[in-house]
Amino acid sequence: MRSLNRLSVLMLGALACACGPEFDPLSLLNDYRLIALATDTPDTVPEATLRVQAVDFDPVAGRTPGPTTWTVCPYSLGASVVYECLVPETELVVEGSDTLEIDLGSAEFGPYRGLRAALEPAAEELTRQLQAFDDSAPAFDANALLLQGVDVYVKVETGPEGQRQASVRRIRVTEPQMQRCSLAQAAAVACAGDNAEDAPFPCPEGVDLDYLATATCETEPNANPGVALFEVQGLNGAGQAVSGSRLTLKVIPGDNARQAFYQDDPDALCPDSDDQAEVRGGPCQEELYYRWYTSRGEFSPPVTFESDTIIERDTELTLPKGETGPLTVFVVAYDGRGGVSQARKDLQIVAP
């Protein structure tokens with residue numbers, strides 16, 4: 001039985017192939033497209049430099065690009081609130097180029113200097129909302145949020161006039177892993193004995209602290225999967241694509257692209273679990289999937305996959321007959337936990 005992750009990705013691939021008289025494949029770059037938001041790493045610490053690049057493509061030569069607006073939200077409840085900030089005044093807005101670069105430790109989030117300071121009003125508002133429903137709910141501060149991890153959302157709007165597009169990238173920000181591991185281990189020991197007063201934070205009810213310590217200490221910070229090799233096979237001797245030909249596109253991820261990790265929920269199934277070997281909590285292994293894009297032709301399939309049980313990374317691109325000119329292809333690799341990598345190739349299509 002295939003994992004739910006893989007079934008979901010394959011369904012996305014099927015939708016991408018929904019070609020009818022009204023639709024072009026999602027993989028076809030026949031107009032301006034914001035393809036991905038690339039970062040140095042999907043996990044970072046609150047004093048790091050954050051870099052995000054908008055990876056886009058415009059097949060219309062010479063079209064004037066529009067302005068690029070970046071918005072960084074220190075704390076949001078996510079998609080359920082359309083990524084709006086819990087405290088709107090803490091949003092950081094930057095007008096500029098296709099690359100955002102900010103020092104999280106010193107950037108001005110509204111009236112607050114640095115991410116850690118900007119999280120204080122968010123922690124206060126989160127505490128207020130929780131205690132409105134349950135007056136025994138614990139109080140949060142910025143340090144408590146960072147110990148468990150904060151999802152910082154980076155939004156961008158870019159593209160030429162009339163073709164504006166927006167996207168959101170989640171960046172996980174936590175205290176350094178060594179610090180979180182030490183505190184989780186200390187809490188597990190203190191809360192299991194008669195010395196709860198020595199715990200680094202109040203002993204929570206209904207939480208398996210031994211599992212929390214294991215998950216924290218044995219899950220390395222997430223990294224992007226990387227693209228070690230991206231090649232196109234089936235070109236002519238001059239390295240050109242031939243009109244009407246069928247090309248094979250091959251991708252190999254970077255070293256250690258598929259990381260081991262523990263789920264936040266100890267009862268959650270690993271992505272590649274099946275009826276014969278259910279693994280709950282962890283250790284789990286990331287599954288990778290790849291989305292393919294082209295300025296001409298059609299992929300079969302437009303989404304490929306890699307897991308413990310199956311490797312189907314490569315795809316084939318059929319070029320249209322009678323067309324010549326530039327060809328651009330992209331592959332975007334996802335690890336299912338926020339890691340994203342991309343690669344691009346520019347080729348020329350010639351007549352047979």
E286 and R258: CA distance, side-chain angles, deciding distance, salt bridge (charged side-chain N to carboxylate O under 4.0 Å, His left out) verdict: CA-CA 5 Å; E286 289 177 341; R258 297 184 57 224; over 6 Å; no
Main-chain N/O of [Y] paired to [X] side chain as donor or acceptor, under 3.5 Å:
{"X": "S245", "Y": "V242", "value": "yes"}
{"X": "Q263", "Y": "L269", "value": "yes"}
{"X": "R296", "Y": "P326", "value": "yes"}
{"X": "N236", "Y": "Q240", "value": "yes"}
{"X": "S341", "Y": "N224", "value": "no"}
{"X": "Q165", "Y": "Y32", "value": "yes"}

Residue pair [X] / [Y], side-chain heavy-atom distance below 4.5 Å:
{"X": "P271", "Y": "S307", "result": "no"}
{"X": "T158", "Y": "L34", "result": "yes"}
{"X": "R344", "Y": "T328", "result": "yes"}

Would [X] and [Y] show up in the same hydrophobic cluster when neighbours are defined by side-chain heavy atoms closer than 4.5 Å?
{"X": "V52", "Y": "Y153", "result": "no"}
{"X": "F140", "Y": "V173", "result": "yes"}
{"X": "I310", "Y": "V303", "result": "yes"}
{"X": "L115", "Y": "V94", "result": "yes"}
{"X": "V152", "Y": "V87", "result": "no"}

Residues T69, E95; criterion side chain to side chain donor-acceptor pair (under 3.5 Å); working and verdict: CA-CA 5 Å; T69 302; E95 302 279 352; 2.8 Å; yes
Test salt bridge (charged side-chain N to carboxylate O under 4.0 Å, His left out) applied to R172 and D43, step by step: CA-CA 5 Å; R172 188 74 166 170; D43 285 8; over 6 Å; no
Partners meeting side chain to side chain donor-acceptor pair (under 3.5 Å) with E47 (sequence neighbours left out): R116
Aromatic Y290 / basic R313 pairing, under 6.0 angstrom, 45° off normal: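 Ring-cation test returns no.
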Parallel, tilted or perpendicular: ring planes of W292 versus F299, cut at 30 and 60 degrees: tilted
Y289-F305 aromatic ring centre distance below 6.0 Å: no
Verdict with supporting geometry, R33 and D58, salt bridge (charged side-chain N to carboxylate O under 4.0 Å, His left out): CA-CA 6 Å; R33 184 78 63 84; D58 193 346; over 6 Å; no
